[in-house]
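The structure appears below as structure tokens.
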Amino acid sequence: MSFPTHRGRRLRRTEALRGLVRETRLSAAGLIYPMFVCPGQKVRQEVSSMPGIFQQSADHIVEECREVESLGIPGVILFGLPEKKDPRGMSSVAADGVVQRAIEAIRKAKLKLLVITDVCLCEYTDHGHCGVIEDGEVANDATLDILAKQAVSHARAGADIVAPSDMMDGRVGVIREALDGHKFENISILAYAAKYSSAFYGPFREAAQSIPQFGDRLGYQMDPANAREALREVEMDLDEGADMAMVKPALPYLDIIRRVRDEFDVPVAAYNVSGEYSMVKAAVQKGWLDEQRVVMEILTGIQRAGAEIILTYHAKDAARWLRA
Ligand code: PBG
């Protein structure tokens, strides 16, 4: 195989040729749009570090969900900003909780959209950690029961998929068991299986008001330096009953996405997180990057690495560009 018989440029001559031989075809069908639900009515407050992303009351959430559906995006993932926080995050399990109410409103609007919920305590605890605190530490086993109750209450409200993001050991198993015990055996679990302790969550913590009031999340989220450990985490979550596995964040962990894709036969998701979005937005605002090209390159890269599902704040823009 050598020049001049072989010329790589032959297949790059025109868009028709490039399109014909393209290995990765991005589609809105694999995108999930994250949304932040707050209490009240007619509330729509932009997150300062995430231009274009809003904290919104259920009525506005429904409106935006309509737009999301019309763009061909199959689903949303909801994060809740509760009225009240407490040490155990109990507002997260309330039947009239902020996420539960939003799900009901989406269901009432008869949208076909998949509703995924983030199952975690950090948005609901006054200390901002993803579990309950015992002896100054995030207690694993004491957290599991609340997570299971939260997942069941999301399912009861009408969620299609629950996505535990807390990184407590054993949570997928107790959530599966609790769902099955309440006849929600058809509700699937998208496990944030390989979730790294990342500085790229910074803007999200402003959006979700979930900044830890002391310490950090290094004791439960993964060390960014580890790859083999990610495979063990995914394996455990799948053994416990997860239907899909997620890697998060996406861009600094493309190798992890690839390894998880190669190793396991379940759908693989990647979360293109808040900080990854904010970096792009900031550079675009300064006129330093071409937003459309950069976003499409990023999403293509994440899919090429092996993710068939991408959770991204760029979802609506990407869907529009894919359509044009
Ligand atoms: C925790 C959770 C986080 C994100 C999703 N779920 C933040 C964290 O672990 O601190 C981050 C999402 C993003 O940065 O876009 N429940």
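One-based numbering, in listed order, for ligands and for the atoms of each. Position 1 is the first residue of the sequence; numbering continues from there.
- Shown here are the salt bridge (charged side-chain N to carboxylate O under 4.0 Å, His left out) partners of D255, two or more places apart in sequence or in another chain: there are none.
- When non-hydrogen atoms are compared, ligand 1 lies under 4.0 Å from the side chain of C122 (C-beta onward) but not from its backbone.
- The protein atom (non-hydrogen) at minimum distance from atom 16 (N) of ligand 1 is S165 OG, 2.9 Å.
- Using modelled atom types, one side-chain atom of Y196 and one backbone atom of N226 make a donor-acceptor pair closer than 3.5 Å.
- Y201 carries K195 over the face of its six-membered ring, with the cationic atom under 6.0 Å from the centre and within 45° of the normal.
- Protein heavy atom at the shortest distance from atom 6 (N) of ligand 1 is K248 NZ, 3.2 Å.
- When non-hydrogen atoms are compared, ligand 1 lies under 4.0 Å from the side chain of Y271 (C-beta onward) but not from its backbone.
- Near Y313, with a cut-off below 4.0 Å to any heavy atom, the atoms of ligand 1 are 12 (C), 13 (C), 15 (O).
- When each of R13, R12, R18 is paired with E15, the side chain to side chain donor-acceptor pair (under 3.5 Å) condition holds for R18 and for no other.
- For R293, the CZ atom counts as loosely surrounded, since its 6.0 Å shell holds 12 or fewer non-hydrogen atoms of other residues, nucleotides or ligands.
- Heavy atoms of Y277 come nearer than 4.0 angstrom to ligand 1 in no pair at all.
- Looking only at heavy atoms of the protein, atom 12 (C) of ligand 1 is closest to F204 CD1, 3.3 Å.
- Of all heavy-atom pairs between I175 and A151, the closest is CG2-CB, 3.6 Å.
- Protein heavy atom nearest atom 14 (O) of ligand 1, with residue, atom name and distance: S274 OG, 2.7 Å.
- Heavy atoms of D118 found under 4.0 angstrom from ligand 1 belong exclusively to the side chain.
- Listed by chain and number, the residues in a ring pair (Phe, Tyr, Trp, His ring centres under 6.0 Å) with Y277 are Y313, H314 (sequence neighbours excluded).
- Using a non-hydrogen distance threshold of 4.0 Å, Q221 registers as a contact of ligand 1.
- In this structure, M50 is not a member of the same hydrophobic cluster as V43, with clusters built from ILVMFWY side-chain heavy atoms closer than 4.5 Å.
- For atom 1 (C) of ligand 1, the closest heavy atom belonging to the protein is K195 NZ, 3.2 Å.
- Between F36 and F54, a ring centre-to-centre spacing not shorter than 6.0 Å is recorded.
- Atoms of ligand 1 lying under 4.0 Å from at least one heavy atom of E123, given by number and element, are 16 (N).
- Atom numbering of ligand 1 starts at 1 in the shown order; those under 4.0 Å from a heavy atom of Y201 are 8 (C), 9 (O), 10 (O), 11 (C), 14 (O).
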